[in-house]
Amino acid sequence: MKKSMGRNIRCGAAAAILGAMLCMPMAVFAGGKTEAAAMNTEMAAKGEKNAKYVFLFIGDGMAMPQISAAEVYSKALSSKDIAIKKLGFSQFPVSGLTTTFDAGSFITDSASAGTALASGNKTLNGVVNMDVSKTVQFKTLAEYAHETGMKVGIVSNVSLDHATPAVFYAKSPSRGNYYDIAVQLSSSEPDVVEIAKGKGYTYVNSPEAFKALKSGAGKVLAVNRTLQDSEAMPFEIDRKTDDLSLADYTKKGIELLSDDPDGFFMMVEGGKVDWACHANDAAAAIRDTLAFDDAIASAVEFAGKHPEETLIVVTGDHETGGMTIGFAGTKYSTFFDKAGLQKMSYVAFDDTVLAPYKKATAKEMAQLADLVPAIKDAFGLDYATLSPVQKEQLEFAFQRSMGNQVERSVVEDQYLLYGGYEPLTVKITQLMNQTAGIGWTSYAHTGVPVVTFAKGVHQELFSGYYDNTDIFKKMASAMNITLAAK
Ligand SMILES: [Zn+2]
């Protein structure tokens, strides 16, 4: 885990994940049998087919505010009308609301939320696929799917040891080679790559080798060539055109998995919506939400060819940042087109502008004026248009980033003001948000429900207001999987 400022945003505990990987799972499943069995019987009575091609898309940190912001933004770029441009997945025929609290808090992390989605059980923050006593391991939907003969694919744009992908693969080394494809876009763990190679995975990490993968490639571990913060794929706003996108990985996953007559289960995580929201970087979050929608569009295209056997479920694991549309300073107005002026994420600004400046400039010589043109270029934020209070806040944050003493001590307020990020950068994004009319309450997750969308066979199961553990049960039911008894 990186210790650098602003990067300490991991949603799960790496140690717990590695521990789970190395333990022999007990394959114990707790809960859900009765309801799932009842749903199975009901569907069989109707003569409906089982879901054979099953997608679970998880937007990390994506609840209604993130979806709405992307929809307002998409329309605001081309029109002053008070209207939205819906995302592809927000037009799915069925939607529901999903509670996300875990066994120990109303505010879940990605490990306990992922465990709920993957295994149907609530647990504590930081725990991956184990119960609250950390002694019983849960059996996951990926394992059940594999047992029925389905291929399993895992795609994420954050690194292998992050919680959301981990909950779907965490037991794989001890369970044998049950993934036909583990499309994993980045990994800072060379030993994981070595383990995968030892288990017969084909390992690729160049766009050329990736594009050359063909149906019948067998087990594949694909790692993205370009890695940004904490060994994750770059934010979509920073992605170069010759780098692969989350949609590219999803499409290739479909190509490699769909040659199996028994079907497949594929989990795709949009992991960096969460990271952007931790930093309150609205433009980066919006662009990653749109990239996530693009990845889902690949599944929708596949579903068009197999409409009676494909199920696509899209959900979030929790909300991040307490994002909302509306800010005290802009009252009833919004200016989302301003977010379109931003050209890079907070991370890219730290790496390409602020860090070099800090390195080259003695702190007593540093002046905010030196960076004003770069701030305008990167964020579209015009210093001259800021209010006196905003200018003072920016100057204050600049001095903090340079490590200079300021008149009043902010040591205790540092987290509240900047959330552990570079003070200057997070202040710029805060001013950007304020100008656009976007509000935030936190640098962590929040406890509001997320939205779940469904399209395809047995989509109707996902209507209503239910818990995140129910998503596992509903998906198992749609796949006609008989869950193990407690
Ligand atoms: Zn998070």
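As the structure lists them, so they are numbered: ligands from 1, and atoms in each ligand from 1.
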Practice item. Using ring pair (Phe, Tyr, Trp, His ring centres under 6.0 Å) as the criterion, list what pairs up with Phe379, not counting sequence neighbours. Key: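 Checked Phe379 against ring pair (Phe, Tyr, Trp, His ring centres under 6.0 Å); matches are Phe349.
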Exercise for review: With the Zn ion (ligand 1) as the reference point, give the N/O/S atom of His278 that is nearest.
Suggested key: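 When I compare the N, O and S atoms of His278, NE2 is nearest to the Zn ion (ligand 1).
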Practice item. Of all N, O or S atoms in His445, identify the one at the shortest distance from the Zn ion (ligand 1). Key: NE2
Exercise for review: Verify, without hydrogens or angle tests, whether Asp337 (side chain) and Leu77 (backbone) share a donor-acceptor contact under 3.5 angstrom.
Suggested key: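 Here the side-chain-to-backbone pair does not exist.
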Review point. Does Cys277 bring an N, O or S atom to under 2.8 Å of the Zn ion (ligand 1)?
Key: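 Here the distance criterion (N, O or S atom, under 2.8 Å) is not met by Cys277, so no.
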Practice item. Give a yes or no on whether Asp274 keeps an N, O or S atom under 2.8 Å from the Zn ion (ligand 1). Key: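 Yes - counting backbone and side chain alike, Asp274 has an N, O or S atom under 2.8 Å.
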**Study point:** Distance (rounded to the nearest 0.5 Å) between Lys240 NZ and Thr226 OG1
**Key:**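 It comes to 8.5 Å.
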Study note, to complete from the structure: side chain to side chain donor-acceptor pair (under 3.5 Å) pairs touching residues 280-293, sequence neighbours excluded, are Asp281-Gln342
